[in-house]
Amino acid sequence: MDRKEMQNTRLYVLAALLTLVLVAYLFVLYDVQVIHHEDYAARAIRSIVRPEKVEASRGIITDRNGKPLVSNRSTYDLTFDADLLRPGDDSNEAILRLVQLCQREGLPWIDNLPISRLSPYHYTVDQLDNQQKKLFLAYLKSLKPCAEALGQYLLRHPEALSAPEPEPAGDEEAGEAVPGGELTPEKRAQELLELLTIEDLTADLLVEAGVTPAQLIGAMRQELDIPEAYTMTQARMVLGVQYELSVRKLDNYAAYVLAEDIDTPFISLLSDGNYAGAKVTLSSVREYETAYAAHILGYVGSIGIEDDYPSLKQKGYDYDDLIGKEGAELAFEEYLKGQDGRRVVATNDEGKITGEYYSTEPVPGNIVELTIDLDFQAQVEDFLAETVLRLNADGDETRGAGAAVVQVGTGEVLALASHPTYSLATFRQDIGELSQDLSRPMFNRATVGKYPPGSTLKPFTAMAALLHGDTTLTEKIKDTGIWRYPKDEINSYSKCWKTSGHGNLNVTGAITNSCNYFFSELGYRMQMETLREYLVMFGLGEKTGIEIPETAGLLPENPQGQDQAPWAAYGQGTQLYSPLQLANYVATLVSGGKRCQAHLLKAAKTYDNSEVVAEGNTEPLNQIEISDENLRAVKEGMKGLVEGTLSPYFRNCVVSAGAKTGTSQVRSDTKNHGVFVCFAPYDDPEIAVAIAIERADAGAALASTAVNILNAYFTPSEDSATITGENQLLP
């Protein structure tokens with residue numbers, strides 16, 4: 001074969017080989033993309049693509065003028081996700097490295113395993129909230145050695161259960177099932193274990209059952225394959241994270257936030273150190289834009305057992321989500337919670353993100369506009385605090401107070417103040433001190449505090465008696481100083497504060513002079529049943545409807561065989577009302593009988609301010625038919641007090657007003673509570689105010705505070721004057 005033929009042969013062979021390679025490549029390509037396309041596609045997606053939740057921003061809260069009260073601050077969280085671990089990665093080693101980094105950098109991490117972190121190890125079960133206890137109990141029941149020990153203990157001591165134990169089905173002999181389907185001791189122990197509740201779960205019970213902290217740690221080390229080379233301190237750190245992952249797996253939830261609000265230098269350390277399983281996620285925390293209105297705004301917290309997590313899960317909540325716990329944050333949760341988005345993230349074989357796209361964009365929560373005016377709210381709180389501090393010069397540091405300002409004709413709450421108060425920005429750090437403070441700073445006295453109304457009820461009684469026909473505008477009753485109960489004149493009587501009596505008084509004069517004699521007579525005529533009927537008409541003795549927690553108060557009633565109506569008619573007896581209820585009753589009265597629901601919601605709008613989602617209810621709940629003549633008579637009585645006894649206080653008031661003082665005796669060995677109500681302007685009322693201060697001795701002591709509140713409302717501050725109008729969001 002010559003040289004040319006050899007070259008041709010080589011070319012043919014090479015061409016044949018190339019053809020075979022091409023045919024094989026085409027066959028493989030056809031097999032991958034056509035025959036087994038779905039299988040390979042699914043396998044590729046599983047290996048490099050994973051869905052993630054994108055947290056929606058919580059809605060902001062503003063005042064009626066658009067000033068932010070609560071907003072959000074963007075933060076970063078450190079999340080540990082076992083699904084991010086690569087083949088060959090040791091989860092325990094990954095956790096230990098990550099926790100040691102947090103420890104070295106002084107970053108606290110979330111660890112709710114109720115065993116102290118340092119030796120000697122002891123239980124901290126009592127420090128758990130109900131949801132955490134529920135999860136810990138579920139974990140114990142899922143851990144075989146612990147479940148068996150607890151079951152056997154309950155079999156020996158069923159009285160340890162708060163729930164009634166089930167009746168045994170029959171004879172229980174040495175673990176053998178007996179004919180007829182009776183329970184063996186093992187089955188009975190399991191049944192008793194299921195009855196164990198968080199109320200029964202205590203450190204003492206666990207120790208007595210043989211589940212000591214050391215024994216639990218040992219069982220967990222075995223269950224979670226913690227290496228023997230780990231010291232107890234290292235094992236405890238790892239177990240804390242593994243425990244968090246385990247309780248989430250009980251709810252089919254893989255990742256958990258290990259540390260919150262991490263800074264940029266820490267993120268750099270994570271990136272440089274290539275920490276397996278760690279992921280930095282964008283998050284946000286609530287930012288309080290004001291130091292005021294703590295009792296109104298409330299706060300958010302982790303989902304707890306009282307929040308009914310199964311139903312929340314159906315609404316899109318995850319276990320690690322925050323939810324409103326108190327105040328407006330809780331009341332308007334449905335508007336404030338946004339709609340979380342979903343995204344698909346592609347990663348390479350090292351876990352680095354190579355691409356992402358959104359399948360559902362997150363939708364921020366709505367803007368919730370409250371009815372309060374921030375500047376006015378701040379002034380009301382300051383005035384109340386100044387008054388209480390002045391009274392506290394007597395050494396009574398536990399004195400509290402509440403105030404409410406309501407818009408007449410709409411029920412909009414313009415201000416709610418409770419003293420003492422607390423800081424929403426720091427209350428979690430201060431919770432121990434706050435909970436032990438005898439003055440109860442976290443107690444909202446404006447809506448939950450209950451106080452005897454004293455003489456502030458007299459305008460109501462006058463109107464009720466006029467409406468019911470128990471007196472007239474022209475009738476005069478002679479006050480002789482002591483009103484005596486007709487059926488028991490010797491033992492049952494009511495003294496007027498003016499011992500010599502006021503002489504002949506009509507309704508207007510009785511209010512101005514605060515005549516107990518006059519109102520005792522009206523109470524006797526009306527009787528308790530009628531008095532209670534009208535109290536309810538004016539919204540006393542039932543909730544006002546405000547969206548945050550409030551008291552229903554307490555209506556007066558007759559003890560067996562007694563008639564207390566003469567005393568209840570001027571605010572004594574067993575009746576108790578909140579400052580908000582008193583303000584709302586005065587607003588109902590001076591509006592001509594239009595009783596509205598007290599409310600804090602001005603409007604809820606979409607995050608871009610383009611659509612109104614909800615508005616507060618300003619429609620009247622009921623209408624009391626009050627004639628102009630009757631209303632004039634009662635209002636003039638309240639105006640007479642302002643122009644008479646209270647004139648030194650109201651001399652500097654910038655607007656005409658009507659008012660009524662009240663003094664309520666609590667015990668003979670302590671000072672009386674002071675109560676005060678007023679409205680303004682006199683001719684066309686816009687607002688009603690109620691103030692209650694514990695042990696203030698007399699209602700007149702509150703008059704200067706009320707004048708300051710009226711002046712603040714009717715003389716807006718410069719900041720308020722620059723506002724362009726309601727419902728505008730300010731920067």
Side-chain angles (χ1 to χ4, degrees), residues 371 404-414 453 455-475 506-512 519 522 526 530-546 569 571 577 579-599 616-643 655-660 662 676-690 706 709-710 713-714:
T371 57
V405 183
V406 175
Q407 189 175 71
V408 175
T410 67
E412 292 186 357
V413 177
L414 303 174
S455 294
T456 61
L457 201 67
K458 289 174 179 175
F460 154 79
T461 303
M463 183 58 71
L466 289 168
L467 294 174
H468 194 249
D470 293 300
T471 190
T472 65
L473 295 175
T474 58
E475 181 188 20
N506 61 9
V507 166
T508 299
I511 295 173
T512 298
F519 289 100
L522 293 188
M526 294 176 69
T530 302
L531 190 65
R532 286 168 58 97
E533 179 183 338
Y534 277 91
L535 284 167
V536 172
M537 282 187 195
F538 280 83
L540 296 169
E542 61 180 36
K543 295 184 176 181
T544 67
I546 195 169
Y577 310 115
L580 178 61
Q581 286 177 304
L582 293 175
N584 212 37
Y585 124 64
V586 173
T588 301
L589 175 66
V590 300
S591 70
K594 183 180 179 181
R595 181 166 76 95
C596 297
Q597 173 187 332
H599 61 278
N617 179 24
T618 58
E619 294 299 315
L621 297 175
N622 63 279
Q623 179 69 50
I624 306 168
E625 298 302 325
I626 297 176
S627 68
D628 292 341
E629 293 79 10
N630 286 344
L631 181 57
R632 188 181 305 114
V634 173
K635 286 175 61 180
E636 285 180 356
M638 299 177 74
K639 183 180 181 182
L641 184 64
V642 167
E643 295 176 343
V655 64
S656 59
K660 188 71 193 77
F676 193 94
V677 298
C678 63
F679 67 90
Y682 177 79
D683 292 324
D684 187 14
E686 293 182 27
I687 64 171
V689 180
I709 291 173
L710 294 179
Y713 182 81
F714 291 102

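In this text the structure is predicted, and so the values were computed from the model without any measurement.
From D683, atom CG reaches atom NZ of K639 across 6.5 Å, with rounding to the nearest 0.5 Å. Distance NZ/K594 to CD/E619: 7.0 Å, rounded to 0.5 Å. Atoms CG and OG1, from L522 and T461 in turn, are 7.5 Å apart once rounded to the nearest 0.5 Å. With rounding to the nearest 0.5 angstrom, the OG1 atom of T588 is 12.5 Å from the CE atom of M537. For the atom pair CG of L582 and OH of Y577, the computed distance is 8.5 Å after rounding to the nearest 0.5 Å. To the nearest 0.5 angstrom, N617 atom CG is 7.0 Å from H599 atom NE2.
With hydrogens and angles disregarded, no donor-acceptor distance shorter than 3.5 Å links the side chain of T471 to the backbone of L466. Panel note: side chain S656, backbone Y682; a donor-acceptor pair is recorded below 3.5 Å. Proximity of a side-chain donor or acceptor of Q623 to a complementary backbone N or O of G592 within less than 3.5 Å is detected. In this structure, N584 contributes its side chain and Q597 its backbone to no donor-acceptor pair below 3.5 Å. In terms of modelled atom types and a separation under 3.5 Å, the side chain of E686 and the main chain of P681 share no donor-acceptor contact. Under the 3.5 Å distance criterion, the side-chain polar atoms of T508 are left unmatched by any main-chain donor or acceptor of E636. Side-chain N or O atoms of K458 include none that pairs as donor or acceptor with a backbone N or O of I511 at under 3.5 Å. Although no hydrogens or angles enter the test, the distance criterion places a donor-acceptor pair under 3.5 Å between the side chain of T371 and the main chain of V413.
A pairwise comparison of heavy atoms in A462 and V634 identifies CB-CG2, 4.3 Å as the closest pair. K660 approaches P459 most closely through the heavy-atom pair CG-CD, 4.0 Å. Annotation for C678 and A659: closest pair CB-CB, 3.7 Å, computed over non-hydrogen atoms. Summarising the geometry of V408 relative to P685, their closest heavy-atom pair is CB-O, 3.7 Å, with the distance given to 0.1 Å. Smallest separation of non-hydrogen atoms from E475 and D470: OE1-O, 4.2 Å. Here the shortest heavy-atom pairing between A569 and L531 reads N-CD2, 4.0 Å.
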| Given Y534 and L467, is the side-chain contact (heavy atoms from CB on, under 4.5 Å) satisfied, shown in steps? | CA-CA 9 Å; Y534 277 91; L467 294 174; 3.9 Å; yes
| task | With side-chain contact (heavy atoms from CB on, under 4.5 Å) as the test, would you mind laying out the steps for L535 and L457 before giving the verdict? | result | CA-CA 10 Å; L535 284 167; L457 201 67; 4.0 Å; yes
| Stepwise, does the side-chain contact (heavy atoms from CB on, under 4.5 Å) test hold for F714 with I687? | CA-CA 10 Å; F714 291 102; I687 64 171; 3.9 Å; yes
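In this structure the side chain of V586 never reaches within 4.5 angstrom of the side chain of V406, judged on heavy atoms. Taking 4.5 Å as the limit, some side-chain heavy atom of L473 sits within range of a side-chain heavy atom of N630. Counting only heavy atoms from C-beta outward, the side chains of C596 and T410 never approach each other to under 4.5 Å. Side chains of Y713 and L414 form a contact here, defined as non-hydrogen atoms less than 4.5 Å apart. Taking the side chain as every heavy atom from C-beta outward, F519 and S455 never approach each other to under 4.5 Å. Under the 4.5 Å side-chain criterion, counting only non-hydrogen atoms from C-beta, L589 is not in contact with F460.
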